[in-house]
Amino acid sequence: MARVVVDVMPKQEILDPQGQAVAGALPRLGFDGISEVRQGKRFELEVADSVDDETLAKIAETMLANPVIEDWTVRRVDS
Amino acid sequence: MARVVVDVMPKQEILDPQGQAVAGALPRLGFDGISEVRQGKRFELEVADSVDDETLAKIAETMLANPVIEDWTVRRVDS
Amino acid sequence: MSAPVTTETTTGAAGARIGIITFPGTLDDVDAQRAVRRAGAQAVALWHGDDDLHGVDAVIVPGGFSYGDYLRCGAIAKFSPVMTALVEAANRGLPVLGVCNGFQVLCESGLLPGALTRNAGLHYVCRDQWLTMENTTSLWTTRYEPGAELLIPVKHGEGSYMADKATLDELEGEGRVLLRYVEGNPNGSARDIAGITDARGRVAGLMPHPEHAIDPLTGPTDDGLGMFLSALDALVAA
Amino acid sequence: MSNNPQDPQTSVAASGSSVEAATDGPTAETGTELGTVDTGGRGTDGDGAPTDSVEHARNTPDTAQPYLELGLKEDEYARICEILGRRPTEAELAMYSVMWSEHCSYKSSKVHLKYFGDTTTPEMRQKMLAGIGENAGVVDIGDGWAVTFKLESHNHPSYVEPHEGAATGVGGIVRDIMAMGARPVAVADPLRFGPAEAPDTARVLPGVVGGIGGYGNCLGLPNIGGEVVFDDSYASNPLVNAMCIGVLKSEDLHLAHASGAGNKLVLFGARTGLDGIGGVSVLASETFEGDESGTGRKKLPSVQVGDPFTEKVLIECCLELYRSGLVVGIQDLGGAGLSCATSELASAGDGGMRVDLDEVPLRAQGMTPAEILSSESQERMCAVVQPSDVDAFMKVCAKWDVTATVIGEVTDGDNLEVYAGGELVVDVPPRTVAHEGPVYERPVERPGEQDLIAADNPNTLSRPSTSDELRATMLRMAASPNLASRDWVTSQYDRYVRGNTVLAQPSDSGVLRVDEDSGRGIAVATDCNARYTRLDPYRGARLALAEAYRNVAVTGATPMAVTNCLNFGSPEDPGVMWQFQQAVRGLADGCAELGIPVTGGNVSFYNQTGTKPILPTPVVGVLGTIDDVTRRIPTGIGEEDGETLLLLGN
Ligand SMILES: Nc1ncnc2c1ncn2[C@@H]1O[C@H](COP(=O)(O)OP(=O)(O)O)[C@@H](O)[C@H]1O
């Protein structure tokens with residue numbers, strides 16, 4: 001068993017209304033000094049050792065992310 | 001300027017229908033060996049050096065996460 | 001099939017002033033105002049940037065997508081100036097009704113326990129929903145018969161009520177569950193909970209939209225009108 | 001830092017490195033590295049590359065330009081050079097190429113659409129306050145109320161990225177309606193997909209429905225109608241048509257124009273980014289061939305992401321601006337962005353216009369003038385404001401937290417002049433961009449196979465005759481996705497918001513209350529049977545009209561005006577052009593017979609996979625009025641015992 005983290009973020013050049021909403025609210029709440037916020041998704045998977053990196057990449061690319069508008073990263077982490 | 005990553009995940013005991021939907025779909029698409037999926041959020045913040053850890057924790061706790069249902073983690077990363 | 005509720009207007013209600021909050025992204029404020037007028041009271045528009053409540057007798061936090069609700073429903077709205085004023089007033093006993101996004105805002109700001117999470121089906125759901133009235137002593141529900149069945153629209157993507165077991169048991173034990181879904185739970189809410197109230201029965205939060213059920217012309221029934229009338233009864237009596 | 005005692009991330013956090021460094025544990029693979037996409041372009045490299053100014057263009061007449069890549073034909077490019085008396089600058093080329101595209105210029109359809117005007121009698125025009133040529137048609141419904149409505153397609157973007165494509169389709173049509181000075185009050189969505197069981201439909205349909213619902217619900221617009229149709233021909237080419245309906249007091253009608261020298265041009269709403277730049281990115285990469293800073297641009301997806309919250313706030317902001325009388329003219333930014341808005345505003349006015357791109361609030365760094373002019377960033381509007389009103393205008397925008405910037409002014413010259421970095425980069429007669437694009441008389445030819453199709457008719461085809469056959473037919477129909485419940489779709493749409501929805505699904509048409517005191521209301525329906533239209537495009541279009549007309553009539557409303565969205569294959573295919581011509585004639589003749597005008601519409605060509613076009617799909621929307629919505633007639637029988645059932649017609 002391994003724990004795998006897949007991070008999915010909106011592509012840099014794509015509008016991120018979610019992150020913008022947060023960035024816009026922070027100063028109103030008295031939090032200054034945050035110049036940019038981007039909001040994406042984080043998936044935590046419990047994966048059998050038999051699952052190889054290629055398969056994980058495929059899962060990320062076809063299911064977890066929408067490659068038209070999102071970038072993704074896969075990492076194995078110790079659990 | 002520092003880049004800060006805030007990860008927000010549903011608490012272990014809270015139902016995570018999105019993660020479950022992914023976990024349920026994987027075998028149908030021919031991906032086996034994934035026993036659990038949880039879906040949360042990932043925020044990337046560009047933060048002035050003057051913003052201290054305490055402030056970051058407060059932003060995470062009061063705004064980015066709802067501690068009733070979510071756990072959060074703040075990390076500074078090199079940019 | 002209409003709920004056993006009287007829809008006679010409250011005598012002496014015309015003087016009552018009910019505030020309706022508008023955040024950027026609020027949608028059902030016009031409907032809530034209409035419902036308040038239909039019930040015979042005066043609707044007072046409250047803006048998110050106001051830092052006082054203009055002396056209103058009760059407040060409705062209506063549905064919509066405050067600030068887009070991109071982060072988490074109600075998460076940003078809870079920080080607005082008007083909410084600071086509202087939390088203070090509610091703690092002093094001001095009657096408050098949060099509907100849908102308003103319910104989410106009340107939970108986020110700590111006026112009500114628990115949280116509303118993504119629908120179990122992962123889709124936004126708009127449908128006419130059967131409910132049972134579980135508590136007829138709260139300020140917002142005295143016009144109803146105990147156990148009355150109501151047909152009122154729900155429309156939301158994040159309406160699944162969640163709280164830890166202790167909180168749920170406490171709500172049940174103290175009779176603070178106001179409404180429950182029957183004939184199908186639209187969102188996976190714990191214990192079919194559709195609405196709750198605070199310990200004093202003055203602050204209520206619901207996912208169904210009583211303001212969309214005040215006239216069979218534009219809603220499935222007029223089953224929702226009783227909530228506004230109940231509050232007016234209490235305000236006039238006070 | 002964490003609130004989780006078990007903190008599953010500590011191991012990662014301990015290494016303290018970023019995702020993109022990919023050093024915390026073996027990285028499997030990276031899509032595109034997070035956070036490292038180069039958004040910089042020429043502006044940022046500081047190598048002093050010359051801006052392609054008008055003067056520069058004059059001095060370098062022989063510079064080759066990528067007009068073919070931008071979709072301009074040889075002769076179209078020649079005409080631009082002739083209009084300008086020189087080669088166009090990069091920015092001008094970008095402007096002409098988007099504005100002269102089929103989508104913006106109607107170059108293949110114009111000659112046919114004229115027929116709508118030719119067949120509209122003064123009598124039919126009586127209630128029409130604005131018609132074809134404006135952002136949307138407007139009709140007078142009585143008691144001082146006017147209604148504006150329009151259908152628009154967002155087919156191709158919805159195939160590439162179903163959710164955002166459909167969402168921004170709704171956003172675009174809503175801004176069209178706002179530009180008429182109206183409050184948007186409802187939407188409807190006629191949809192066409194490939195076979196229900198096809199894997200790709202499982203990608204496209206939920207995305208489209210989620211996008212329309214997500215955007216429309218967040219705007220607070222009840223969804224009161226539409227269609228869901230499945231057919232093989234839409235397999236790689238779904239049709240996502242969206243309708244918006246708006247209401248205004250007749251005297252508040254705002255038409256897009258920019259009159260009055262000295263009046264200011266205000267851009268307000270979202271910032272301008274690299275969204276939907278599509279073809280124009282060849283400009284940057286062409287010029288910077290071999291230069292590594294140019295490579296980042298080529299990969300840009302021409303996808304726009306919608307921000308419904310910004311649009312909702314923009315709606316309320318616009319309505320307050322209208323109420324306060326602060327707007328002389330207004331235009332939405334849709335396809336072709338600022339190119340379209342500035343050239344259309346200027347050509348509808350009585351003077352020229354000067355725009356300074358340095359003032360445009362940007363979301364990305366180093367955008368070129370061509371990119372700023374072509375950006376299709378959503379949720380933006382452009383208003384013409386009297387100088388004395390600018391402060392008040394800005395105050396209203398500030399109240400709604402809407403970014404607003406004066407980017408130019410109306411001049412007493414003739415040309416649209418655009419400056420960037422202090423240099424004149426565009427100097428064109430605005431009408432040549434907005435209205436005097438190429439017009440084609442494409443070849444039209446009835447395909448030979450129409451005869452074959454016509455040979456199969458009710459007399460030659462076998463019909464079920466035994467009870468077993470009837471039963472089988474019945475079962476087949478009951479199982480057909482085209483006759484299934486639409487509940488999966490419609491339950492994702494808010495039909496109640498604003499509290500004026502009198503009828504929505506499953507009714508034959510949506511009915512809305514407009515005036516709470518008098519009970520005056522409107523009804524709308526959209527329809528098209530594309531298979532009929534394939535068999536006979538003239539009659540098919542008439543049938544679509546008749547069906548929508550009937551659907552409005554049976555709710556108790558009186559039909560009064562028509563909009564359309566004409567979805568067809570390639571105009572370069574003479575057979576498709578014939579279908580188009582026939583459908584336009586059928587619709588126009590039908591309207592003349594029924595006595596209601598076509599007030600606007602939209603043409604979507606190139607809906608095909610390879611050389612195989614979609615079924616010709618002229619979606620027709622009919623608007624009706626009803627004096628008193630309490631007298632609406634709901635769909636359905638069997639509410640009471642003893643009801644009499646009558647069949648009308650033959
Ligand atoms: N995409 C859609 N969006 C909104 N409403 C829809 C959509 N598709 C169908 N509807 C509504 O659902 C109901 C049933 O649709 P349909 O089966 O196409 O009816 P009909 O065949 O009578 O036109 C109608 O009220 C129609 O307006």
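All chains are named by letter (A, B, ...) in the order of the sequence lines, taking the proteins before the strands, and each is independently numbered beginning at 1.
- For C:Tyr70, the part sitting under 4.5 Å from any heavy atom of chain D is the side chain, from C-beta outward, and nothing else.
- With a threshold of 4.5 angstrom between heavy atoms, C:Pro220 approaches chain D through its backbone and through its side chain.
- Atom NZ of D:Lys249 has more than 12 heavy atoms from other residues, nucleotides or ligands within 6.0 Å.
- Neither the backbone nor the side chain of D:Val209 has a heavy atom closer than 4.5 Å to any heavy atom of chain C.
- Taking D:Val502, D:Val313, D:Asp494 one by one and counting their heavy-atom pairs under 4.5 Å with chain C, the maximum is reached by D:Asp494.
- Per-residue counts of heavy-atom pairs under 4.5 Å with chain C were compared for D:Ser491, D:Gly214, D:Gly220, D:Gly213; the largest is that of D:Ser491.
- Side-chain contact between C:Asp128 and D:Tyr496: present, with at least one pair of heavy atoms (C-beta onward) separated by less than 4.5 Å.
- Minimum heavy-atom separation, D:Arg498 to C:His212: N-CE1, 4.4 Å.
- For D:Thr630, the parts sitting under 4.5 Å from any heavy atom of chain C are the backbone and the side chain alike.
- Annotation: side chain of D:Phe309 is in contact with side chain of C:Pro24 (closest heavy-atom distance under 4.5 Å).
- For D:Asp401, no part sits under 4.5 Å from any heavy atom of chain C, backbone or side chain.
- Proximity to chain C (any heavy atom under 4.5 Å) is restricted, for D:Leu219, to the backbone atoms N, CA, C and O.
- The residue among C:Val30, C:Thr218, C:Ile214 with the most heavy atom pairs within less than 4.5 Å of chain D is C:Thr218.
- Of the atoms belonging to D:Arg495, heavy atoms from both backbone and side chain fall under 4.5 Å from chain C.
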Determine, step by step, whether D:Arg632 and C:Leu217 satisfy the side chain to side chain contact (heavy atoms under 4.5 Å, CB included) criterion, reporting the C-alpha distance in whole Å, the side-chain angles of both residues, the deciding distance to 0.1 Å, and the verdict. CA-CA 9 Å; D:Arg632 89 286 185 205; C:Leu217 178 69; 3.6 Å; yes

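- Residues C:Lys155 and D:Asn217 fail the side-chain proximity criterion, which asks for heavy atoms closer than 4.5 Å.
- Of all non-hydrogen atoms in C:His123 and D:Trp488, the two that sit nearest each other are NE2-CZ2, 3.4 Å.
- Proximity of C:Thr26 to D:Glu316: side-chain heavy atoms (C-beta onward) are nowhere separated by under 4.5 Å.
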